Protein chains: 2
Amino acid sequence: MTSGHAVVLRSYPEGLPRATDFEWVPETTSEPGDGQALLRILWASIDPAMRTWHSAKPGRGVVRPLGTVMKAVAVAEVVESRNSLRVGDHVVGSFGMREWCISDGADVTRVLDAGIEPRLGLGTLGHIGLTAFAGLHKVARAQAGETVLVSSAAGATGALAGQIAAAAGCRVIGIAGGPDKAAICRTEYGFDICIDRHAETDLVGAIRAAAPEGIDVFFDNVGGPTLDAAMQNMNALGRVAICGTISVRSSEPGHGPRHERLMLDKQLTVQGFLTSQFEVDYPEMLESLSLLHSEGRLHLREVVVEGAENAPLALEQLLAGEFAGKVLVRIAA
Amino acid sequence: MTSGHAVVLRSYPEGLPRATDFEWVPETTSEPGDGQALLRILWASIDPAMRTWHSAKPGRGVVRPLGTVMKAVAVAEVVESRNSLRVGDHVVGSFGMREWCISDGADVTRVLDAGIEPRLGLGTLGHIGLTAFAGLHKVARAQAGETVLVSSAAGATGALAGQIAAAAGCRVIGIAGGPDKAAICRTEYGFDICIDRHAETDLVGAIRAAAPEGIDVFFDNVGGPTLDAAMQNMNALGRVAICGTISVRSSEPGHGPRHERLMLDKQLTVQGFLTSQFEVDYPEMLESLSLLHSEGRLHLREVVVEGAENAPLALEQLLAGEFAGKVLVRIAA
């Protein structure tokens with residue numbers, strides 16, 4: 001028996017999740033049985049997708065009952081093992097926002113190679129890096145010399161997408177919320193240009209000014225009016241990878257300009273993707289990411305939140321656009 | 001000098017083209033000079049895309065001056081030649097809605113194999129067949145066992161797309177305007193089901209009833225509310241090929257429900273395509289089409305309009321949904 005705590009879902013969010021939709025409660029973890037291992041969570045990740053995971057009407061169909069542990073990707077250390085996991089290994093999986101858990105191994109997506117900083121397994125060398133890489137290379141098939149636009153460019157996924165695009169020989173333009181984030185994209189992440197969308201009343205014109213030759217690839221984390229403005233600037237045969245839609249309500253997406261006529265005239269491809277659809281390619285993509293990381297080409301700001309009890313507030317703040325970079329919860333690291 | 005007639009553009013259409021936007025005028029064709037050939041037009045094609053070709057604000061950027069000959073795909077016989085075209089050959093190209101023309105060969109997209117009925121070069125074994133094939137196989141990558149939905153199913157492209165899908169082992173559902181067209185799709189074109197959209201107030205529900213297991217591929221010729229209804233029924237990893245958007249105004253596409261959230265949750269791909277982007281694949285696609293045609297698997301109703309002078313009215317009627325099948329203008333056949 002191990003005594004710890006967990007964050008549980010107390011009420012379904014109306015719109016975006018609020019800290020008050022969750023509660024920090026004691027949780028007792030039993031001894032691992034046959035085929036099980038006891039994991040101590042070191043770090044957990046705060047991701048925009050968590051709003052979907054905790055909705056009463058999630059588009060992907062899985063409704064989590066009230067009282068269940070907040071779903072979160074985490075990295076953990078194997079403390080005791082009665083299965084193939086080795087004590088001392090660092091493993092990544094959807095272990096939830098808690099201090100301890102029992103794993104049968106099926107929830108482990110990856111064992112980190114020795115020497116990898118555990119928290120990198122939640123960012124550059126984890127699901128964030130994989131998402132950025134998959135969207136840019138597998139979905140949008142960005143080519144050297146093309147112009148790539150990235151929305152929510154100071155967010156973890158956007159920042160990596162921009163740097164992966166630059167490393168592939170693309171010209172990279174970001175859209176970020178506020179002058180500080182735009183400056184970070186230019187100076188720390190090496191975007192050629194970053195538009196501060198709070199300072200622009202005409203986003204269509206701002207993108208056109210930044211890319212007079214048009215956009216070939218749009219890596220979108222936002223949707224809504226940002227997507228509409230980008231669509232007006234796409235070049236013929238352009239590709240849009242929809243990675244996130246933070247500006248669009250899940251249950252009531254609302255209305256916007258029709259794009260089908262433009263998509264026909266310009267021969268555009270718009271594709272929504274989840275990183276999991278490229279699971280078979282993870283080893284190859286991680287190899288590429290590791291190489292870029294070792295070359296110092298992938299930089300990512302980290303915001304460290306201390307303690308899982310502060311995760312619900314951190315999610316609320318992330319969704320409000322208050323952070324720049326990868327938001328990590330330190331639990332036992 | 002050869003005396004003939006041509007249809008010329010007299011006024012830019014407001015909305016869809018009307019017969020009165022064109023005029024039938026005498027046209028004198030000079031003798032072919034060095035590198036030129038004299039062509040007698042046998043058949044010309046009436047296509048929905050002609051509305052775009054004659055717009056004052058075409059999405060694809062080419063504005064035809066008033067007074068120019070109506071753009072049309074046609075099949076012609078080579079009557080005199082001072083270039084590599086051989087007298088007696090049947091050639092396909094954008095020769096325009098006229099009786100005679102001079103060709104330098106650059107406007108010839110294809111010389112028909114001996115023995116091919118000339119008018120087939122404008123339909124099943126021409127740009128219509130290529131469009132249906134490319135949309136289904138190159139864009140949407142339909143697989144055996146999948147469910148394919150086709151809009152404007154009684155139109156030439158839709159009818160062929162449905163039959164090509166059926167030949168590939170797909171279950172095929174059509175949407176057509178009116179009971180007669182729906183019946184033609186079922187009995188002549190072999191669609192498993194065809195929805196009469198005029199008889200349905202709830203198109204989302206009608207598609208769901210026809211495909212309770214969901215839609216994998218949507219071949220869309222219509223856009224607008226038809227596209228919206230199909231989107232609500234797409235399966236995860238579904239593909240939408242946008243071939244036409246007849247229900248959407250070119251210059252003012254209007255507003256509709258946002259699809260980006262749905263596209264992300266369902267991992268959908270929506271792609272607008274022009275057949276010309278697959279030009280390198282034409283020989284391979286024509287071989288497949290010829291084989292299917294020779295096996296009797298591609299049937300296409302023809303509506304024959306007598307005389308190029310009647311082409312403008314035929315275009316107006318086509319765009320009003322008055323025809324089922326391939327609309328051909330007989331000029332000198």
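Below, read A as the first sequence line, B as the second, and so on, with proteins coming before strands; counting in each chain starts at 1. Only a predicted model underlies this, so the values are computations on that prediction, with no experimental measurement involved.
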Chain A neighbours within residues 264-273 of chain B, where any heavy atom lies under 4.5 Å away = B/Leu264, B/Asp265, B/Gln267, B/Leu268, B/Thr269, B/Val270, B/Gln271, B/Gly272, B/Phe273
remark   = For residues 223-250 of chain B against chain A, heavy atoms under 4.5 Å, the residues are B/Gly223, B/Gly224, B/Pro225, B/Leu227, B/Asp228, B/Leu237, B/Ile242, B/Cys243, B/Gly244, B/Thr245, B/Val248, B/Arg249, B/Ser250
query = Can you tell me if A/Arg261 and B/Ser251 form a side-chain donor-acceptor pair at under 3.5 Å?
reply = no
task = Residue by residue, scan residues 204-221 of chain B and write down, ordered by number, those that have a heavy-atom distance under 4.5 Å to chain A; if none do, write 'none'.
result = none
message = With a sphere of 6.0 Å drawn around CZ of B/Arg18, does it hold more than 12 non-hydrogen atoms of other residues, nucleotides or ligands?
response = no
query = Among A/Met263, A/His255, A/Arg258, A/His259, who wins on heavy-atom pairs under 4.5 Å with chain B?
reply = A/Arg258
key: Proximal to chain A - members of residues 133-160 of chain B, heavy-atom separation under 4.5 Å   = none
message = Using side-chain heavy atoms (C-beta onward) and a distance below 4.5 Å, is B/Glu252 in contact with A/Pro257?
response = no
